[in-house]
There are 2 protein chains.
Amino acid sequence: MDYSHNMIRKFRERGLKITPQRLAIFNLLDGNTGHPTAEEIYSGLKKDFPNLSFTTVYNILKSIKEAGGIQELLIERERAHYDPDVSLHHHIICTRCGKLRDIFYTNTSEMRLPDDILKEFSVTGHQIHFYGVCRACSENEEEEEGKTAVPREGANAN
Amino acid sequence: MDYSHNMIRKFRERGLKITPQRLAIFNLLDGNTGHPTAEEIYSGLKKDFPNLSFTTVYNILKSIKEAGGIQELLIERERAHYDPDVSLHHHIICTRCGKLRDIFYTNTSEMRLPDDILKEFSVTGHQIHFYGVCRACSENEEEEEGKTAVPREGANAN
DNA sequence: AACTAAATTGCAGTTATTACAATTAAAGAA
DNA sequence: TTCTTTAATTGTAATAACTGCAATTTAGTT
Ligand SMILES: [Mn+2]
Ligand SMILES: [Mn+2]
Ligand SMILES: [Zn+2]
Ligand SMILES: [Zn+2]
């Protein structure tokens with residue numbers, strides 16, 4: 001609710017119109033910690049907007065991003081995930097099943113970049129992505145391995 | 001040279017054959033700090049292997065990655081970049097032109113993850129990506145803006 | 001109610017990556 | 001060296017996420 005109102009305000013400030021599709025996406029994103037993909041957002045709205053276009057979803061996400069209302073997570077090759085929480089936090093994804101979780105990181109060691117980088121780039125943001133294998137996936141794997149080989153402990157490299 | 005020999009050894013250990021295409025990719029990657037894409041690797045070898053297949057490039061990159069010889073950088077939506085330097089360092093990319101640079105980060109504040117994450121995931125790695133606008137691009141932008149509006153200082157958000 | 005610029009829609013592209021079957025070739029044995 | 005086996009490479013077709021664009025609709029204003 002709060003998120004939606006903020007976005008409405010931001011969109012108005014930017015001279016963008018408030019359409020039902022935009023409102024619906026604001027509402028879908030509001031408090032959403034699931035890091036949805038464009039496809040998931042599209043599916044989520046399809047019931048209420050039977051002839052919603054994918055193009056519209058992409059357009060709206062682009063506008064929201066430009067207004068600072070989401071971050072686009074480039075954490076897996078196949079597709080982008082969208083996160084309405086633009087505060088400082090990191091993410092971890094299971095490279096087997098794609099399970100994606102927030103990491104609210106306490107160790108606030110300020111990212112101080114080397115001077116030559118700061119001279120060459122005007123930095124706008126950063127993302128920290130962790131990769132791993134989740135419980136469920138490593139247990140499944142053990143089972144499958146078990147048929148032919150000796151099961152190992154959960155730790156294995158990417 | 002050293003990189004190639006290591007990769008040859010690693011491939012042998014894993015029972016993989018040493019083919020001319022594989023050798024050529026090892027050599028292309030050896031000491032390569034340019035973070036090439038699959039397409040750039042393909043083009044780089046095309047002179048020596050006129051009927052090299054893209055599939056081969058992707059297959060070989062996959063094998064090298066599985067052998068720990070490269071990291072795949074998922075830093076921009078469009079394509080993956082490959083980095084034969086698998087030691088701890090970060091990257092920054094210009095969101096306008098795609099210029100991609102290493103950041104050798106000194107501040108070694110050990111990434112200590114929250115316990116609930118460590119309980120749920122067996123972590124295999126992480127990547128830190130910075131986004132920004134490079135000198136050349138922000139200067140170009142000023143020029144273009146200058147035609148209609150007042151030029152600003154270099155700092156602008158994504 | 002009428003107007004107009006902007007948003008949405010429906011498709012048709014684009015592009016990186018993957019799947020797969022047929023051909024070729026590396027590596028080890030004879 | 002030649003033979004054999006098995007994996008690697010090739011060529012091509014498929015996939016899937018995203019983008020471009022022209023036509024239609026609509027939000028916001030008068
Ligand atoms: Mn998040
Ligand atoms: Mn690098
Ligand atoms: Zn998993
Ligand atoms: Zn640039």
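We name chains A, B, ... by the order of the sequence lines, and we start the count at 1 in each one.
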B:F54 or A:T37, whichever maps to the more 5' nucleotide of DNA chain D: B:F54
Whole angstrom value for the distance that separates P of D:dC18 from OH of A:Y42: 14 Å
DNA chain C: B:E72 or B:P20, which has the more 5' nearest nucleotide? B:E72
May I have the distance from B:I25 (atom CD1) to D:dT9 (atom C1'), rounded to whole angstrom? 11 Å
Within the structure shown, what part of the strands sits under 4.0 Å from B:T19 by heavy-atom distance: base, sugar-phosphate, or nothing? sugar-phosphate
Would you indicate, yes or no, if D:dT19 has its OP1 or OP2 atom less than 4.0 angstrom from a side-chain nitrogen or oxygen of A:Y58? no
Can a side-chain donor-acceptor contact be found between A:H90 and A:Q127 if the only test is distance below 3.5 angstrom? no
5′-ward residue of the pair B:V57/A:R12 relative to DNA chain D: B:V57
Applying side chain to side chain donor-acceptor pair (under 3.5 Å) to A:Y58 and A:K62, what does each step give before you reach the verdict? CA-CA 6 Å; A:Y58 281 111; A:K62 185 157 179 262; over 6 Å; no
Could you check whether atom CG of A:D2 has more than 12 heavy atoms from other residues, nucleotides or ligands sitting under 6.0 Å from it? no
How about B:H81 and B:E76: does a side-chain donor come under 3.5 Å of a side-chain acceptor? yes
In whole angstrom, what separates A:I41's CD1 from D:dC18's P? 11 Å
Give the C-alpha distance, both sets of side-chain angles, the deciding distance and a yes or no for side-chain contact (heavy atoms from CB on, under 4.5 Å) between A:I64 and A:K10. CA-CA 9 Å; A:I64 299 179; A:K10 281 190 181 170; over 6 Å; no
Starting at CZ of B:F11 and ending at P of D:dA7, how long is that distance when rounded to a whole Å? 15 Å
Kindly determine whether B:C137 and B:E139 satisfy side-chain contact (heavy atoms from CB on, under 4.5 Å), including the steps that lead there. CA-CA 5 Å; B:C137 284; B:E139 278 166 10; over 6 Å; no
The helix from C:dA1-D:dT30 to C:dA30-D:dT1: angle between end helix axes, five pairs per end, rounded to 10 degrees: 30°
Verify whether the ring centers belonging to A:F130 and B:F121 lie closer than 6.0 Å. no
Base, sugar-phosphate or nothing for A:E78? Non-hydrogen atoms, less than 4.0 Å. sugar-phosphate
Could you state the atom-to-atom distance from CZ of B:R77 to P of D:dA16 in whole Å? 14 Å
A:K99/B:E120 salt bridge by N-O under 4.0 Å criterion: yes
Chain A on DNA chain C: first and last contacting nucleotide, 5' to 3', under 4.0 Å to a heavy atom? C:dA5 to C:dT17
Side-chain donor or acceptor of A:K17 under 3.5 Å from a matching atom on the base of D:dT26? no
Would you indicate what A:P50 reaches in the nucleic acid, counting non-hydrogen atoms under 4.0 angstrom: base, sugar-phosphate, or nothing? nothing
Under 3.5 Å donor-acceptor, B:S138 side chain and B:C134 backbone: yes
Do A:H91 and A:H35 meet the criterion of a side-chain donor-acceptor pair at a distance under 3.5 Å? yes
Interatomic distance where CD belongs to A:Q21 and C1' belongs to D:dT24 [whole Å]: 13 Å
Value in whole Å for how far the C1' atom of D:dA8 lies from CZ of B:F49: 13 Å
Side chain of B:N59, heavy atoms from C-beta onward: which of D:dC21, D:dT10, D:dG28 has the nearest atom to it? D:dT10
Counting only side-chain heavy atoms from C-beta out, which of D:dT19, D:dA8, D:dG11 sits nearest to A:T55? D:dT19
Rounded to the Å, how far apart are A:N51 CG and D:dT24 C1'? 12 Å
